[in-house]
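All remarks here apply to the structure that follows.
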Amino acid sequence: MTKKSNDEPSLDPSDWDDFRKSGHKIFDDMVDDLAGLRQRTAWQPMDEDAVKPFKAPMPKKGAGLEGAYKDYVEQVKPYPLGLSHPRFWGWAGGAGTADGMIANMISAAFHSPNIIFQQASLYSEIQVLDWFKEIFGFPGDAAGILVSGGSMANFVGLNVARHAMAGEAIRKKGLDGTQYTVYGSTETHYCIPKALDVLGLGTNNFRKIPVDENFQIDVAALKAAIARDRKAGLTPIAISANAGTIKTGATDPLDELADLAELEDLWLHCDGAFGAMAILSDKYRHLVKGIERVNSLAFDLHKWLSQPYETGGILIQPGKWLEETFSYDASYVTKLPGALTDVPVVFSHRGIELSRGFRAFPFWFTAKAFGIEKFGEMITKNIEHAQYLKGLVDDAPELQRLAPVPMNVVNFRYIGNGDVPEDKLNDLNRAILVQVHRRGIAVPSYEDIGGKFAIRVCNLNHRTRRDDFDLLVKSVLEIGKELENA
Ligand SMILES: *Cc1c(COP(=O)(O)O)cnc(C)c1O
């Protein structure tokens, strides 16, 4: 007997009404979890028992939606990173939003990845990139693409720099032995030298220029390094500026670097992973003054814009360089007028990836829900809260601030009443931070500031309240005293 067509196997639910009921219950749990974040610990360590389920063999037969969800609830849900928690300030994490969660669900249902086809995802990404051009003061003929994050955005920017400055022959012939050099401060994120490594330029050709007491690049030292390299027969191609360094939130003098890049005929790249977004704050946009002049600007949406992971972006001016760097011809990507491939922008000609998710959607959606100004208000609040924490640290004799706080990053340590010898302070502060994490109080990260172990708060969290910093300081003081006397 031939099977009826509706008996053919598929991955769809066997009963859509049951699926809807289960889905509603799951959605209710998701909302409860988000609404109850403040009641949770900021982090939950995973012991041996917690890791055990992840060694189970692969499921050959299915347990259904309910069965899979049960495993999620028991094995995964109790152990999040904690990014969404009001007291997560580690590294450079964004907190996400409830509206962004909905955006991701809608996008999953829409299932319309932005590849090379005519569909709304394509126009939405073009539109979002136009918004960022406007936000950063880039001209209409600038070009961009959304990528997985800041590391990829910086890679794309430096690849374009190599192409624009060292010539297109490299794309076909590879490097010919010329030593191309790139300059950035000692505070530059490691994704920049890593990009030079992948691009074949070599990490040794990344020149680490010293910084001043504000952790901003020493422009005189930069000029001297460029001159020295030219004299030695090397070929400088780019300066990599910082808008908000990972360690202290410092921004290099962008206008001065733009003048220098023009004078020296160098490409000016900027890593603005989180800091570039300060431009949205009416009160603090001056911190990134000059950002509109850089040739390539890398930024993250999943950090200060609280977007779902993974989204970053890169803008290039003049825009023509982007497609010149990445275009490829192949029979299966040629445009067929009138058909699906009849598109104004082929994003695969602007980066490494071909198949890409609908990266623009969560921002497209949440920007409409909140309005761009709201993001600016959150950024202003985060910077002011960081200044508040700075004040708390400066007012506590048992604490010592280890770096200036130009934006939203605070580095400090516990010193007690001065009885702890300097060579014991790093271990003591390491131990304090471990306890702050393990007791689930808060998640600052740590930093090495001139050999001193700093407890580091990078405030990108729209959920944080002022009293969350009161609690952090109180806890560090208590734990410090407890461990000092142990
Ligand atoms: C986070 C960060 C990066 C890397 O971005 P990812 O999105 O994590 O890949 C690069 N530079 C700075 C300054 C950052 O804060």
Side-chain angles (χ1 to χ4, degrees), residues 81 83 88-96 100 132 136 144-159 161 182 184-198 203 206 208 211 215-217 238-252 254 257 269-279 287-288 291 294 296-315 351-353 356-357 359 362-363 379 382-383 386 403 405-411 443-449 454 456-461:
L81 167 56
L83 268 182
F88 191 103
W89 308 298
W91 298 274
F132 280 112
F136 292 119
I145 183 169
L146 297 182
V147 293
S148 56
S151 303
M152 184 54 98
N154 279 299
F155 173 81
V156 169
L158 291 170
N159 198 352
V182 174
S185 86
T186 51
E187 306 303 295
T188 304
H189 193 281
Y190 79 92
C191 70
I192 301 291
K194 191 178 195 178
L196 300 188
D197 169 1
V198 178
T203 54
F206 178 65
K208 283 191 185 172
V211 290
F215 295 88
Q216 296 175 299
I217 194 166
I239 300 168
S240 183
N242 295 296
T245 61
I246 187 77
K247 289 190 187 184
T248 70
T251 296
D252 293 325
L254 299 174
L257 293 182
H269 172 75
C270 179
D271 176 6
F274 64 89
M277 293 303 165
I279 203 161
L287 292 175
V288 293
I291 206 163
V294 308
S296 47
L297 174 62
F299 52 96
D300 263 320
L301 283 73
H302 56 214
K303 290 180 176 172
W304 226 343
L305 294 184
S306 305
Q307 294 299 303
Y309 281 73
E310 308 169 342
T311 322
I314 176 87
L315 289 178
I352 309 268
E353 299 156 296
R356 300 155 62 243
R359 285 204 177 115
F363 187 66
I379 287 165
N382 286 155
I383 296 175
V405 184
M407 203 185 272
N408 61 329
V409 182
V410 184
N411 286 281
V443 182
S445 53
Y446 42 89
E447 195 44 78
D448 177 339
I449 305 287
R456 170 184 168 281
V457 165
C458 178
N459 186 21
L460 304 167
N461 194 330

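Quick note: residue numbers are just sequence positions, from 1. Both counts, for ligands and for their atoms, begin at 1 and track the order of listing.
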Leu305 and side-chain contact (heavy atoms from CB on, under 4.5 Å): which partner among Lys303, His302, Gln307?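 Considering Lys303, His302, Gln307, a side-chain contact (heavy atoms from CB on, under 4.5 Å) with Leu305 is found only for Gln307.
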Give a table of atom pairs where an N or O of ligand 1 lies under 3.5 Å from a protein N or O.
{"unit_1": "ligand 1", "atom_1": "5 (O)", "unit_2": "Gly150", "atom_2": "N", "d": "3.4"}
{"unit_1": "ligand 1", "atom_1": "5 (O)", "unit_2": "Ser151", "atom_2": "N", "d": "3.4"}
{"unit_1": "ligand 1", "atom_1": "5 (O)", "unit_2": "Asp300", "atom_2": "OD2", "d": "3.3"}
{"unit_1": "ligand 1", "atom_1": "5 (O)", "unit_2": "Lys303", "atom_2": "NZ", "d": "3.4"}
{"unit_1": "ligand 1", "atom_1": "7 (O)", "unit_2": "Gly150", "atom_2": "N", "d": "2.7"}
{"unit_1": "ligand 1", "atom_1": "7 (O)", "unit_2": "Asp300", "atom_2": "OD1", "d": "3.1"}
{"unit_1": "ligand 1", "atom_1": "7 (O)", "unit_2": "Asp300", "atom_2": "OD2", "d": "2.7"}
{"unit_1": "ligand 1", "atom_1": "7 (O)", "unit_2": "His302", "atom_2": "NE2", "d": "2.9"}
{"unit_1": "ligand 1", "atom_1": "9 (O)", "unit_2": "Gly150", "atom_2": "N", "d": "3.3"}
{"unit_1": "ligand 1", "atom_1": "9 (O)", "unit_2": "Ser151", "atom_2": "N", "d": "2.8"}
{"unit_1": "ligand 1", "atom_1": "9 (O)", "unit_2": "Ser151", "atom_2": "OG", "d": "2.7"}
{"unit_1": "ligand 1", "atom_1": "11 (N)", "unit_2": "Asp271", "atom_2": "OD1", "d": "3.3"}
{"unit_1": "ligand 1", "atom_1": "11 (N)", "unit_2": "Asp271", "atom_2": "OD2", "d": "2.6"}
{"unit_1": "ligand 1", "atom_1": "15 (O)", "unit_2": "Lys303", "atom_2": "NZ", "d": "3.0"}

Closest contact, heavy atoms only, Met407 versus Gly244: CE-CA, 4.4 Å
[X]: which residues meet the side-chain hydrogen bond (donor to acceptor under 3.5 Å, both in side chains) condition with it, sequence neighbours left out?
X	value
Ser185	Asn242
Ser445	Arg456
Glu353	Arg359

Under 3.5 Å donor-acceptor, Asn408 side chain and Asn459 backbone: yes
